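What follows is a single structure, written as structure tokens, with notes after it.
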Amino acid sequence: MAREFQRGHKAKISDLTPGTDLYVGVQIAAPGLTFDISCFGLDAHEQLSDDRYFIFFNQPKSPEESIQLLGAQSGDTESFRVTLDRIPAAIQKLSFTATLDGSGQMSQIGPGYIRIVAGGEEVVRYAFTGSEFTTERAVMLGDFYLKDVWRFAAVGQGFDGGLDALLKNFGGEVAEEEAPPAAAPAAAPGFAPPAQAAAPPAFGAPPAAQAPQPAPSFGTPPAPTPSPAPQQPMHAAPTIAAPLAPQTPQAPQAPSPYGQPHQPQFGQVPGQGAPPAPPFGQQAPAPYGQPAPAPYGQQPPMGMPPGVPQGMPQGVPQGVPATGAGLQAALQPYKETATGQRWTPQNQQLMRVDLTMGGSGVLARQGSMVMYQGKVDFGYKSAGFVGRAVGNATGQEMQLMRCTGRGQVFLAEEGSHLHPIELQGDAICVSAESVLAFDESLQYEVRRVEGHGIPGGALFTMQFQGTGTVIVKTHGTPVVLPVTPTTFADCNAVVAWSAASQVIVSTQVRLRRNAYPGHSGETVNLQFRGAPGNFIVVQPYEV
């Protein structure tokens, strides 16, 4: 169970968890307000002596990746991955802060928190509310600091200035205002009352360069509402906040229909205003040296490859494609996804487990490994004589392998859909046939389902209990139903159910009915009963 911290509480990380690869989540929100959540890597004098350790949305990781920005997930407004044993000796403190982007004050925020998660389990949480602050525009939430060993402190200290003042407080440099003040409202799409909230975030790259960061897509902040690209970047903050190499310019490159920006004409200097728009319903003339685009509703000229925009000459580059070019563009959608958590779905049929997190091994179905990276050991997991006897007698035998070491293992089986279910001291019943893998920290046993209407008088299932994750596989996308007094399910289609549910085997077989040939095929069902909150998981497939 997570420890609840109050402002000023401190503890050794080793007293909270034996792990050093930690997830830090921050939740902070207020109606109409936008927040920048950052991490400052400070030296022994609590100064930002190396600006590469100022981690925020435009610089999402440190050079050795010991501090990584992951983005919004799991109910957190922003999240980080911190690997303490990889942080350089020059960095003695990590300060996690939240600042307002635009107008407002910290007294307007609702209930929020900063929390630490290790191995998928929350170990500490510091909660705060807006009533603890007044007119401050920034707040120092919590610190990791090195004092013989790494420790954590719940700070909760307000700061009168914004991100500029906070950066100066830590000894960082703030660039001079180079852009004219009128440029900010010009690019505002108007989705928030303050003009600054709708403009590109201060300390950040323009929207056109923000979406396709080289970092995985899960770690980038949500793209703002599409708006006309500004003529020059808005950098209101530190010179260290250089944007990562952009790959996706947002402005269209080829001539486009009415209402869209056009390429500069021959002899026109880039950045000047576009030529006057043609009358409604007519197309703009093509740039010098290019064929005129085909009229609306007509196919491109013969010989033009399918998918090439009309008016685009063959063989002439028209700007960088949206996701790169060639092989890189083709493989971009299939890049590995790393969220900083122990279990990460790569797609519906492939699951990645990071053995460097959690401290315990993983038990997986034999033959389910499709790839791994790092130093990983695979060993045979014996069920023992009693376990094999019980498994053979009940049909709940699992042939397992143990995965240990430091690395990442990718698991799949016959294209089945995979679903991670995290247990935090509770229990779930799953058929052994539907289990792909689970944390070795979980306890599991064969459980009997009582019934009087079928031969043998019982069915069997596996019950998992404790703290950890079990990966359940299904044929197709399952449906989760609440348990009611009239909930019935086919025993061959049920995948899992909450362990607190009462399960009764129901049969429609009657002696008189059996005297006649033929039946419906739905003779044995499971009836579920239980208090509100219980559930069953059913797949669109019968085993």
Side-chain angles (χ1 to χ4, degrees), residues 1-4 23 25 27 29 72-77 110-113 115 117-125 127 341-343 345 348 351 358 396 417-439 441-451 458-506 524-543:
M1 180 180 294
R3 293 178 56 180
E4 297 288 343
Y23 171 97
Q27 205 284 328
Q73 58 180 315
S74 302
D76 298 330
T77 309
Y113 60 78
R115 62 173 181 162
V117 178
E121 180 181 1
E122 183 175 319
V123 296
V124 68
R125 173 184 292 235
Q341 298 183 1
R342 182 171 170 86
W343 296 91
Q348 287 186 328
M351 183 68 61
Q396 299 298 309
H417 288 210
L418 305 180
H419 314 274
I421 300 178
E422 182 179 350
L423 302 179
Q424 295 184 352
D426 42 1
I428 189 171
C429 294
V430 187
S431 171
E433 180 63 27
S434 300
V435 177
L436 178 73
F438 55 93
D439 285 321
S441 57
L442 291 175
Q443 295 85 41
Y444 60 98
E445 62 181 357
V446 177
R447 180 178 177 182
R448 183 180 182 184
V449 178
E450 298 295 339
L459 292 176
F460 297 91
T461 185
M462 297 296 299
Q463 177 175 297
F464 293 85
Q465 187 171 11
T467 301
T469 301
V470 57
I471 307 300
V472 174
K473 60 189 184 77
T474 65
H475 294 273
T477 304
V479 61
V480 179
L481 298 174
V483 171
T484 68
T486 58
T487 301
F488 294 82
D490 191 308
C491 60
N492 290 318
V494 173
V495 176
W497 63 84
S498 52
S501 301
Q502 180 185 6
V503 186
I504 302 174
V505 177
S506 173
V524 179
N525 298 315
L526 297 180
Q527 181 181 8
F528 293 85
R529 300 176 182 175
N534 287 284
F535 62 88
I536 63 171
V537 181
V538 181
Q539 63 185 356
Y541 179 89
E542 289 194 358
V543 178

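Note that the structure is a prediction, hence the values are computed from the model and not measured.
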Nearest 0.5 angstrom please: [X] [atom1] to [Y] [atom2], how far?
X: T474; Y: Y541; atom1: OG1; atom2: OH; value: 11.5 Å
X: E122; Y: R3; atom1: CD; atom2: CZ; value: 13.0 Å
X: Q348; Y: T477; atom1: CD; atom2: OG1; value: 5.5 Å
X: L442; Y: F464; atom1: CG; atom2: CZ; value: 7.5 Å
X: C429; Y: Q465; atom1: SG; atom2: CD; value: 9.5 Å
X: M462; Y: S434; atom1: CE; atom2: OG; value: 12.0 Å

message: Ring centroids only, cut at 6.0 angstrom: are F528 and W497 within range, meaning strictly under it?
response: yes
field: Side chains of R447 and Q463, donor plus acceptor under 3.5 Å
entry: yes
- prompt: Are a donor atom and an acceptor atom from the side chains of Q424 and E422 found within less than 3.5 Å of each other?
  reply: yes
Where is the tightest heavy-atom contact between [X] and [Y], given as atom of each residue plus distance?
X: T467; Y: G425; answer: OG1-N, 3.7 Å
X: P345; Y: P420; answer: CG-CG, 4.2 Å
X: R115; Y: R125; answer: CD-NH2, 4.0 Å
X: W343; Y: A437; answer: CH2-CB, 4.0 Å
X: A489; Y: V538; answer: CB-CG2, 4.3 Å
X: G476; Y: H419; answer: O-NE2, 4.5 Å

task: Please check if the side chain of Q539 supplies one atom and the backbone of H475 the other of a donor-acceptor pair under 3.5 Å.
output: yes
- request: Let me see the working for L436 and V472 under side-chain contact (heavy atoms from CB on, under 4.5 Å), right down to the final yes or no.
  value: CA-CA 6 Å; L436 178 73; V472 174; over 6 Å; no
Worked check of side-chain contact (heavy atoms from CB on, under 4.5 Å) between I536 and V480: CA-CA 6 Å; I536 63 171; V480 179; over 6 Å; no
- request: Given side-chain contact (heavy atoms from CB on, under 4.5 Å), test I428 with F535 step by step and report yes or no.
  value: CA-CA 10 Å; I428 189 171; F535 62 88; 4.1 Å; yes
message: Go through it in stages, so that I can follow the logic: the residues are Y23 and Q73, the test is side-chain contact (heavy atoms from CB on, under 4.5 Å), and I'd like the CA-CA distance, side-chain angles, deciding distance and then a yes or no.
response: CA-CA 11 Å; Y23 171 97; Q73 58 180 315; 3.5 Å; yes
query: Heavy-atom distance under 4.5 Å between the side chains of V470 and V435, does that happen here?
result: yes
- prompt: Would you say the side chain of R342 lies within less than 4.5 Å of the side chain of D439, judging by non-hydrogen atoms?
  reply: yes
